[in-house]
Amino acid sequence: MEAIHSLYETLNAIGHGTIWEISLGEFLLATLILGCGAAWLAGRAVASAWEPLWKSAVWMIPLAFAVRFIHYALFSGTLQLNPTGAAAPAFWTTVHYALVDLVFLVVFALLGHRRTLTKMMTRQYAWLYETAGPFAWKARGRA
């Protein structure tokens with residue numbers, strides 16, 4: 001148990017201020033569990049409609065703002081939308097952490113999209129394609 005606590009403290013010291021704003025636990029809950037879970041599901045939904053990959057990434061922009069609001073509402077994170085005057089430093093802090101959240105969300109959305117597309121291609125065109133890993137398919141060998 002002491003080793004886990006020590007690892008948590010080390011990770012919290014490394015990422016605090018660059019990747020997460022408040023704590024590692026807050027980042028894990030708000031961004032990775034809630035946000036990335038929603039991103040994975042959104043990527044799956046876009047792929048289920050046979051939409052292109054870039055649409056999964058674009059839909060993560062409003063989700064990043066929602067995740068930023070969760071950080072603000074539940075954990076007292078920064079959410080400053082006024083880029084002028086005395087509020088400017090808080091605005092750029094908000095932008096920084098929103099971009100960090102966006103990167104994680106886009107990665108999970110693209111993974112969810114690709115995984116779903118792989119499953120759809122190998123299920124619906126089983127005579128043409130077979131699975132070549134969790135995120136890829138390949139043409140079946142000719143007999």
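- For the pair H113 (side chain) and A42 (backbone), a donor-acceptor distance under 3.5 Å is absent.
- Note: F69 and Y72 have tilted aromatic rings, judged against thresholds of 30 and 60 degrees for the angle between ring planes.
- Nearest heavy-atom pair, G112 versus R44, reported as atom, atom and distance to 0.1 Å: O-CG, 3.7 Å.
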* For Q80 and W92, run side-chain contact (heavy atoms from CB on, under 4.5 Å): C-alpha distance rounded to whole Å, both residues' side-chain angles, the deciding distance at 0.1 Å, then the answer. => CA-CA 8 Å; Q80 180 56 257; W92 292 113; over 6 Å; no

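- For the atom pair CE of M121 and OG1 of T116, the computed distance is 13.5 Å after rounding to the nearest 0.5 Å.
- Linking ILVMFWY side-chain heavy atoms closer than 4.5 Å, directly or via other members, places L79 and V95 in two distinct hydrophobic clusters.
- Contact between T131 and K138 at its shortest, heavy atoms only, is O-CE, 4.5 Å.
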* To do: Decide side-chain contact (heavy atoms from CB on, under 4.5 Å) for V67 and L34; before the verdict, give the C-alpha distance in whole Å, the side-chain angles of both, and the deciding distance to 0.1 Å.
  => CA-CA 8 Å; V67 169; L34 295 176; over 6 Å; no

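- No path of Ile, Leu, Val, Met, Phe, Trp and Tyr side chains, each step under 4.5 Å between heavy atoms, connects V100 with F108, placing them in separate hydrophobic clusters.
- T78 and E21 form a side-chain donor-acceptor contact under 3.5 Å, judged by distance and modelled atom types alone.
- Among all heavy-atom pairs drawn from L105 and L63, the shortest one is CD1-C, 3.8 Å.
- Using a 4.5 Å cut-off between side-chain heavy atoms of Ile, Leu, Val, Met, Phe, Trp and Tyr, with links allowed through other members, L41 and V46 fall into different hydrophobic clusters.
- The heavy-atom pair separating T94 from R68 by the smallest distance is O-CD, 4.0 Å.
- With values rounded to the nearest 0.5 angstrom, I22 atom CD1 is found 9.0 Å from F75 atom CZ.
- Connection of W59 to I61 is established within a shared hydrophobic cluster, with ILVMFWY side chains joined at heavy-atom distances below 4.5 Å, either directly or through further cluster members.
- Considering all non-hydrogen atoms of both residues, L117 and A47 come closest at N-CB, 4.2 Å.
- Atom CE of M120 and atom CH2 of W50 lie 3.5 Å apart (nearest 0.5 Å).
- Atom CD1 of I70 and atom CG of D101 lie 9.5 Å apart (nearest 0.5 Å).
- A distance of 4.5 Å separates CG in L110 from CG in L53, rounded to the nearest 0.5 Å.
- Put simply, SG on C36 and CG on L111 are 9.5 Å apart, with the number rounded to the nearest 0.5 Å.
- Residues F65 and V58 do not share a hydrophobic cluster, clusters being chains of Ile/Leu/Val/Met/Phe/Trp/Tyr side chains in contact below 4.5 Å.
- Aromatic pair F27/F104: centroids less than 6.0 angstrom apart.
- Listed here is the closest heavy atom pair of S56 and A109: O-CB, 4.0 Å.
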